[in-house]
Novice: 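Please find one structure pasted underneath; my questions will follow.
Sequence positions, counted from 1, serve as the residue numbers for this chain.
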Amino acid sequence: MSALHKNYIGGEWVGGDAKPNINPSNTNEVVGEFAQATAADAKAAIDAAADAFKTWSLSGIQQRHDILKGTGDEILARKEEIGRLLSREEGKTLPEGIGETIRAAQIFHFFAGETLRLAGEILPSVRPGIDVSITREPIGVVGLITPWNFPIAIPAWKMAPAIAYGNTVVIKPADLVPACTWTIVDILVRNGLPKGVVNLVMGRGSVVGQAILESPKVTAVSFTGSVGTGKKVAEASIALMRKFQLEMGGKNPTIVLDDADLKVAVESTANSAFFSTGQRCTASSRLIVTEKIHDQYVEALTKRIQDLVVDDAVKQGTHIGPVVDQSQLDQDERYIQIAKDEGGTLAVGGQRIERENPGFFLQPALFTGTTPDMRINKEEVFGPVASVIKVKDYEEALAVANDTPFGLSAGIVTTSLKYASHFKRNAEAGMVMVNLPTAGVDYHVPFGGRKGSSYGPREQGKYAAEFFTTVKTAYTQP
Ligand code: NAD
């Protein structure tokens, strides 16, 4: 990937100032050069999408199916190559990169099927002799703004339903990871996507993202990213009275009860907290542990963390890749210092480490002796940093778990059906996991959270239609 990767606007590849995409496992390595769109490029992309909507919104479902199916097929066939690209631009391990690539293919396949299944309803009217039909129609030009931590899955789970339901798209991937979205767009184009249906504008949020938010021609915005940017999306969208959907941060809890299987507790929380370098919105960073199991759990988890290999993302045997960039690394280290200053005990990790090539490597960090009021337990770090909170019993654990402005994913490790059932009903989160990591979800069921983590309809599965279509109720007197 050395040539300039251009933006895709109105069916043309369009150049711009080049920006290097740097490999966080080896900062001497440039993954590729990517064109930076301007606000004028974003405007041209929105105009092209608005123009294409006139025909694409009326296009046949077989055509949409075939494009999405072909795209999923090609992503799957190229999973090793694209997975490696993902790991090189974002830093998650190669198995994680390939796994995410397979996930993107499955999402395209799922929505290929959904194009053939979009049903309406016909009801009798309360007025005799009249029929009422309820149908779903596309909403228009959708602006898709995505974060850096799932470079292929999140663009896929926004683009595929947008296209399936007859919308046209302007997508702006995170500036740290443009390569995977560029690759999907390239594949869509080669699988017959008509010009203007998807437009790719790579570049800075404050320029390209802002231009999307300010345009009244963009009829809906689907955003995933931080709470701060999410608020900007909300404000700009409310000012224009447009539909919007936000998926944002988390401070996800996992409760470990005295009756837990220790091995399940250690494996699931090591995964939740540290895999993908802790850079998952569904990562579990608050480990809420009852008294009797606390010491043996901390000892076993500490040992597990010591065994995790932190190294180049594509190297065989690596468990944890690098942090995504210098600024995220600074944030992780800042929170490690804050946790120490607030009285937390650093049980293991937390140090920067050197590897063969220069990269952003950080030893996974576990704090013990922390309390719910500490900043480390209130604010999202978004790195390989987790803290243990010791509690008396399940009731206290549940209260601590729910004591957060976020509500994305919540886990419990227990062998008690009573507590598992109670937690499923009473956890204030969009997703609940019993004896499983808080991260790691299926693609055919809804994804999303409550409280400060999410706003608007759920993503993925058939629930995606709630956002990417609008309902029409028609009355007919034959
Ligand atoms: P971010 O908010 O910094 O950026 C997200 C996107 O918004 C990027 O494409 C960015 O360029 C763009 N952007 C920035 N400023 C903008 C502006 N003024 N106008 C329009 N667009 C703008 O987030 P990030 O650092 O890329 O991602 C990390 C965050 O994403 C974490 O908080 C994480 O929890 C969250 N996240 C949430 C989910 C979820 O589904 N809930 C999934 C993944 C990540």
Side-chain angles (χ1 to χ4, degrees), residues 1 5-14 32 45 48-49 51-86 97-118 136 138 141-142 144 146 150-171 173 177-202 222 442-444 459-462 464-465 468-469:
M1 272 216 160
H5 295 80
K6 298 179 177 175
N7 292 303
Y8 188 69
I9 301 171
E12 306 290 334
W13 293 102
V14 178
D51 207 33
F53 183 71
K54 294 172 201 148
T55 45
W56 184 249
S57 57
L58 302 172
S59 60
I61 55 174
Q62 187 67 50
Q63 183 188 11
R64 294 185 213 167
H65 167 276
D66 293 350
I67 293 165
L68 294 170
K69 170 76 167 50
T71 299
D73 289 348
E74 184 172 337
I75 293 172
L76 206 52
R78 293 171 54 193
K79 63 180 191 291
E80 307 276 342
E81 169 216 336
I82 300 171
R84 179 170 286 270
L85 176 67
L86 193 167
I98 294 171
E100 191 184 325
T101 304
I102 294 170
R103 171 58 52 97
Q106 290 165 332
I107 290 166
F108 274 99
H109 285 159
F110 178 86
F111 284 105
E114 286 300 281
T115 58
L116 308 179
R117 257 191 296 269
L118 191 64
R136 288 189 177 273
V141 175
V142 294
L144 308 179
T146 56
F150 283 96
I152 196 161
I154 294 179
W157 85 48
K158 293 186 191 296
M159 271 195 273
I163 297 167
Y165 298 127
N167 303 287
T168 55
V169 169
V170 177
I171 182 161
V177 295
C180 286
T181 303
W182 187 95
T183 302
I184 301 183
V185 173
D186 181 50
I187 293 173
L188 278 165
V189 171
R190 272 183 299 97
N191 278 278
L193 192 77
K195 66 178 188 177
V197 175
V198 168
N199 301 274
L200 169 68
V201 274
M202 301 174 288
S222 178
D442 287 3
Y443 61 89
H444 66 306
E459 302 200 80
Q460 300 202 66
K462 65 180 162 61
F468 287 104
T469 66

Novice: Which atom names give the shortest non-hydrogen contact between P173 and T146, and what distance separates them?
Specialist: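 Smallest heavy-atom distance, with atoms named: CA-OG1, 3.2 Å.
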
Novice: Would you mind listing every salt bridge (charged side-chain N to carboxylate O under 4.0 Å, His left out) that reaches into residues 159-169, with sequence neighbours excluded?
Specialist: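 Passing the test, one end in residues 159-169: no pairs.
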
Novice: Can you tell if the side chain of I171 reaches within under 4.5 Å of the side chain of N199, non-hydrogen atoms only?
Specialist: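 Heavy-atom side-chain distance check fails, nothing below 4.5 Å.
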
Novice: Can you tell me how far CG of L200 sits from NZ of K6, rounded to the nearest 0.5 angstrom?
Specialist: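 Answer rounded to 0.5 Å: 13.0 Å.
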
Novice: Between R136 and A465, which heavy-atom pair has the shortest distance, and what is it?
Specialist: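 In this case the closest contact between R136 and A465 is NH1-O, 3.4 Å.
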
Novice: So M202 and N7, do their side chains get closer than 4.5 Å, heavy atoms only?
Specialist: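 Of all side-chain heavy-atom pairs linking M202 with N7, at least one is under 4.5 Å.
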
Novice: Kindly give the heavy-atom pair with the smallest separation between V169 and A162, and that separation in Å.
Specialist: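 Looking at all heavy atoms of both residues, the shortest contact is CG2-CB, 3.6 Å.
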
Novice: In a check of side-chain contact (heavy atoms from CB on, under 4.5 Å) between W56 and each of N167, D51, T168, which one passes?
Specialist: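 Checked N167, D51, T168 against W56; only one passes side-chain contact (heavy atoms from CB on, under 4.5 Å): T168.
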
Novice: Write down the atom of A45, the atom of V170, and the distance for their closest heavy-atom approach.
Specialist: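 Heavy atoms of A45 and V170 come nearest at O-CG2, 3.7 Å.
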
Novice: Write out all pairs satisfying salt bridge (charged side-chain N to carboxylate O under 4.0 Å, His left out) with one or both partners inside residues 102-113, taking only residues at least two apart or from two chains.
Specialist: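 Residue pairs passing salt bridge (charged side-chain N to carboxylate O under 4.0 Å, His left out), neighbours aside: none found.
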
Novice: Taking the side chain as C-beta and beyond, is there a heavy-atom pair between L188 and F108 under 4.5 Å?
Specialist: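 The answer is yes; the side chains approach within 4.5 Å.
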
Novice: Would you check if F111 and I163 make a side-chain contact, meaning some heavy-atom pair closer than 4.5 Å?
Specialist: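 Result no, sub-4.5 Å side-chain heavy-atom pair not found.
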
Novice: Would you give the length of the straight line joining atom OG1 of T101 to atom NZ of K79, rounded to the nearest 0.5 angstrom?
Specialist: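 It is 10.0 Å, given to the nearest 0.5 Å.
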
Novice: Could you measure the distance from the CZ atom of R78 to the OG1 atom of T183? Nearest 0.5 Å is fine.
Specialist: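 If we round to the nearest 0.5 Å, R78:CZ and T183:OG1 are 6.5 Å apart.
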
Novice: Distance check, rounded to the nearest 0.5 Å: I82 atom CD1 versus C180 atom SG?
Specialist: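 Between I82 CD1 and C180 SG, I get 7.5 Å after rounding to 0.5 Å.
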
Novice: Quick one: side chain to side chain donor-acceptor pair (under 3.5 Å) pairs with a partner in residues 109-118, sequence neighbours left out?
Specialist: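 Pairs touching residues 109-118 that pass the test: D73-H109, E114-R117.
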
Novice: Output yes when a side-chain donor or acceptor of N191 lies under 3.5 Å from a complementary backbone atom of I67, and no otherwise.
Specialist: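 Pair absent, no side-chain N/O of N191 close to backbone of I67.
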
Novice: Using modelled atom types only, decide if a donor and an acceptor are shared between the side chain of D66 and the backbone of Q63 within a distance under 3.5 Å.
Specialist: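 Not confirmed, D66 side chain does not pair with Q63 backbone.
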
Novice: Which is it for E100 and F150 under the side chain to side chain contact (heavy atoms under 4.5 Å, CB included) test, yes or no, and what are the steps along the way?
Specialist: CA-CA 8 Å; E100 191 184 325; F150 283 96; 3.3 Å; yes

Novice: Go through the structure and list residues passing ring-ring contact (aromatic ring centres under 6.0 Å, His included) with Y8, not counting sequence neighbours.
Specialist: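 Here the qualifying residues are W13.
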
Novice: Residues two or more places apart in sequence or in another chain: which of them pass side-chain hydrogen bond (donor to acceptor under 3.5 Å, both in side chains) with R84?
Specialist: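 Not a single residue meets the side-chain hydrogen bond (donor to acceptor under 3.5 Å, both in side chains) criterion with R84.
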
Novice: Identify every side-chain donor-acceptor pair in residues 153-161 under 3.5 Å, counting partners at least two apart or on other chains, and give the distances.
Specialist:
{"from": "W157", "atom 1": "NE1", "to": "E459", "atom 2": "OE1", "distance (Å)": "3.2"}
{"from": "W157", "atom 1": "NE1", "to": "E459", "atom 2": "OE2", "distance (Å)": "3.1"}
{"from": "K158", "atom 1": "NZ", "to": "S222", "atom 2": "OG", "distance (Å)": "2.9"}
{"from": "K158", "atom 1": "NZ", "to": "T224", "atom 2": "OG1", "distance (Å)": "2.8"}
{"from": "K158", "atom 1": "NZ", "to": "E459", "atom 2": "OE1", "distance (Å)": "3.0"}
{"from": "K158", "atom 1": "NZ", "to": "E459", "atom 2": "OE2", "distance (Å)": "3.4"}

Novice: What is the distance from atom CD1 of I184 to atom CD of E74, rounded to the nearest 0.5 Å?
Specialist: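 The distance works out to 11.5 Å.
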
Novice: Out of curiosity, I152 CD1 to I102 CD1, how far, rounded to the nearest 0.5 Å?
Specialist: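 With rounding to 0.5 Å, CD1 (I152) is 11.0 Å from CD1 (I102).
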
